[in-house]
Amino acid sequence: MRLSDGERLSDQEEVRRNKLTQIISCGYNPYPADEFLVTHFSHDITTTYSDAIQEQYKNVHVAGRIMSINDRGKVVFLKIQDSKGLLQLYVRRDDLCKDGDTKLWSGLVQNLDLGDIIGVKGFVFITKTGEISLHVESLQLLTKSLKPLPVVKRDAEGHVFDEVTNPEFKYRQRYADLVINPDSRNVFILRTRIIQFIRDFLNQRGALEVETPVLQSIPGGANARPFVTDYNALNTKFYLRIANELYLKRLIVGGFDWVYEFSRNFRNEGMDKTHNPEFTILESYTAYKDYYWMMNLIEQLIEQLVLTLHGKTDIELQGRVVSFKAPFKRVAILDAINKALLTGIQGGKFSADFSEPIELWDNSKLALFCTTVLHIAPVKINTLGRGKLIDTIFGELCEADFVTPTFIIDHPVDMSPLAKKHRLKKDLVERFELYVNGKELANAYSELNDPIDQYKRFGEQLQLSAKGDDEAMYLDSDFLRALEYGMPPTAGVGIGIDRLCMLLSNQASIKDVLLFPHLKPE
RNA sequence: GGAUCCUUAGCUUAGUUGGUAGAGCAUCUGACUCUUAAUCAGAGGGUCGUCGGUUCGAAUCCGACAGGAUCCA
């Protein structure tokens, strides 16, 4: 008996299939359809039970997966795991088989394996060794498990047996990882709590959650290579969205004054510890506000989120304590770079040729710095515009320094084609990025709403594209048409949800905060 | 895309100038009606990622491929 071609069954799998046959031949259904009424969860019992209130625990129904079996002959101790934790079951043959017919014992109980899912009824008591347990009066199989589960065992000294450490196993068989590894499960519970917190935070302030197209005819709103697909009914190429920004702005044009969406975005690019081609960004746009207002909002959001999850605003990240107390530091990106240049020159890392403030450098000097100091291939640099060069220098020189939450603000105009020009500072835009633990967590602008300026910016992107920058933005004339009707002054923000989850769950890889990260097919 | 490393039983792994694989947990058989890594006595389970080469002989050396991890681009 096999489920798929070419796969030989292991001895343990053969054994389980034989047990399945025995269970069926004894008249028990290994996959019953009936509802099993659950009255209690493991954790609730083990945290609230005491002998003083045992009357309330006389008829308890629990269901879960068998995680340990301690067979003592005519008594078996089982531990089952439900969604909230573990509960020990005390199963006695003579309690299950009161009429002397031991078929249930020999036909079913003795054919149970680790991983089987059972439903039990009984009363709660405390064993001689002091463990709150369920004395089982009836037991039924709810699902037979045919594949051995590498259940983790721990001894009294804390030695761990059978813990799956192979990351490929965890990622490919997340279902198994979630069963055997509570740490994994907790990360994903935390992820949901984070998303719920943000949703509540925005809803309480009057924001409207919306849904915009995942399939787009023009992949706009970001600099990235898209996934392409054929749209049969419309007989044209479509793209999976790289961002939802331009659609949310269309909604601001339409008169909604605060919208947001948790947007699953797709970028056809490399994957590493912080990038998965499919990822989640929260985008939110608010009419009549600017990026200063947005900075205040975001620092409130992050501070309160950390406070809610951890009960305090100072938390430990990779061995150092980081404060999330608002307000966060605000540093102009050019100031940050100039400071790093000065430090580098004083430390002898680069020559004094680069002592002039970076805003005065011409493009050839930027390129020279990138090739000689940062050792970036000239072929690549030739495709980059001024803004991307400066962004690259910031990434290399400064990014890692911003461990405590810091707003990096006022970027050069040509690296921010959707941001409004700064009200005071020439050649800059009203933009901020939030850096925490050396990584970009959020990106926001006072949104560009001047359709003529926006048209010019798209034009500059087209020129970059012609130079070979395959991430330059596409021109979206429908978006320009929307802007021509008039979009009120608007502040917009995007928060990387995956990175936020990595940060707050202290995970080093994005794969550890994605339930099903992409891997090559087996 | 480049460099380095990894792939041995269900899981974790040992395997020393190349001599047809050893363990713990899990599994199976037997004993045990309050155990908790239960214990005790026995047993089975591996085409050592795949394919090819060198050799009398390959888990081990060489090559290609596949998957994964880390770092770089």
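From a predicted model like this one, the values you see are computed outputs, not experimental measurements. By convention in this document, chain letters (A, B, ...) are assigned in the order of the sequence lines, proteins followed by strands, and residues within each chain are numbered from 1.
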Check this one for me: any side-chain N or O of A/Lys147 less than 4.0 Å away from OP1 or OP2 of B/U27?
no
When rounded to the nearest Å, what value does the distance between C1' atoms of B/G44 and B/A9 take?
11 Å
Any stem touching RNA chain B, meaning at least three consecutive Watson-Crick or G-U pairs under 3.5 Å, ordered by first number, would be B:1-7 with B:66-72, B:10-13 with B:22-25, B:27-31 with B:39-43, B:49-53 with B:61-65
Can you see whether A/Asp51 engages A/Tyr49 through a side-chain donor-acceptor pair at a distance of less than 3.5 angstrom?
yes
Please work out if A/Thr165 contacts a base, only the sugar-phosphate, or nothing of the nucleic acid, heavy-atom cut-off 4.0 Å.
sugar-phosphate
What distance, rounded to whole Å, do you find between the two P atoms, one in B/C71 and one in B/C65?
24 Å
Select base, sugar-phosphate, or nothing to describe what A/Glu131 touches, counting heavy atoms under 4.0 Å on all strands.
base
Under 3.5 Å, which donor-acceptor pairs link side chains of residues 460-467 of chain A to any protein atom two or more places apart or in another chain?
from, atom 1, to, atom 2, distance (Å)
A/Gln461, OE1, A/Asn223, ND2, 3.3
A/Gln461, OE1, A/Met473, N, 2.9

Please state the P separation for the pair B/C40 and B/U35 - nearest whole angstrom.
16 Å
Using the closest heavy atom to pick a nucleotide of RNA chain B for each, name whichever of A/Ser68 or A/Gly73 lands nearer the 5' end.
A/Gly73
Can you tell me if A/Phe161 is stacked onto the base of B/C25, using a 5.5 Å centroid cut-off and an angle below 30°?
no
Side-chain donor-acceptor contacts of residues 353-361 of chain A below 3.5 Å, not counting sequence neighbours, with atom names and distances?
from, atom 1, to, atom 2, distance (Å)
A/Asp353, OD2, A/Ser351, OG, 3.4
A/Ser355, OG, A/Ala352, O, 2.9
A/Glu356, OE1, A/Lys365, NZ, 3.1
A/Glu359, OE1, A/Asn338, ND2, 3.1
A/Trp361, NE1, A/Glu356, O, 2.7

Within the structure shown, what part of the strands sits under 4.0 Å from A/Arg92 by heavy-atom distance: base, sugar-phosphate, or nothing?
base
Return yes when atom CZ of A/Arg172 has more than 12 non-hydrogen atoms of other residues, nucleotides or ligands closer than 6.0 Å, and no otherwise.
yes
In terms of ring plane angle, is the pair A/Phe77 and A/Tyr90 parallel, tilted or perpendicular, where the classes change at 30° and 60°?
tilted
Would you please classify the geometry between the A/Phe402 ring and the A/Tyr435 ring as parallel, tilted or perpendicular, with 30° and 60° separating the classes?
tilted
Under 3.5 Å, which N/O atoms of the protein pair with N/O atoms of nucleotides 3-9 of chain B?
none

Taking atom P in both B/G53 and B/C11, what distance in whole Å separates the two?
30 Å
Counting just side-chain N and O atoms, does A/Lys79 come under 4.0 Å of either OP1 or OP2 of B/U35?
no
For B/A58 versus B/A21, give the span between their P atoms, rounded off to a whole number of Å.
12 Å
If each of A/Arg93 and A/Phe169 is mapped to the nucleotide of RNA chain B with the nearest heavy atom, which maps nearer the 5' terminus, i.e. the 5' end?
A/Phe169
Assign a letter to each nucleotide of nucleotides 66-73 of chain B from its 5' end: B, base within under 4.0 Å of a protein heavy atom; S, sugar-phosphate only; -, no contact.
-SSSSS--
With a cut-off of less than 4.0 Å, is there a side-chain N or O of A/Arg72 near OP1 or OP2 of B/U39?
no
Contact list (N/O, under 3.5 angstrom) for nucleotides 21-23 of chain B vs protein:
none

When rounded to the nearest Å, what value does the distance between P atoms of B/G18 and B/A37 take?
44 Å
Would you measure the distance from the P atom in B/U29 across to the matching atom in B/A64 and give it in whole Å?
48 Å
Please determine, for the side chain of A/Pro150, which listed nucleotide (B/C34, B/U13, B/G10) has the closest atom?
B/G10
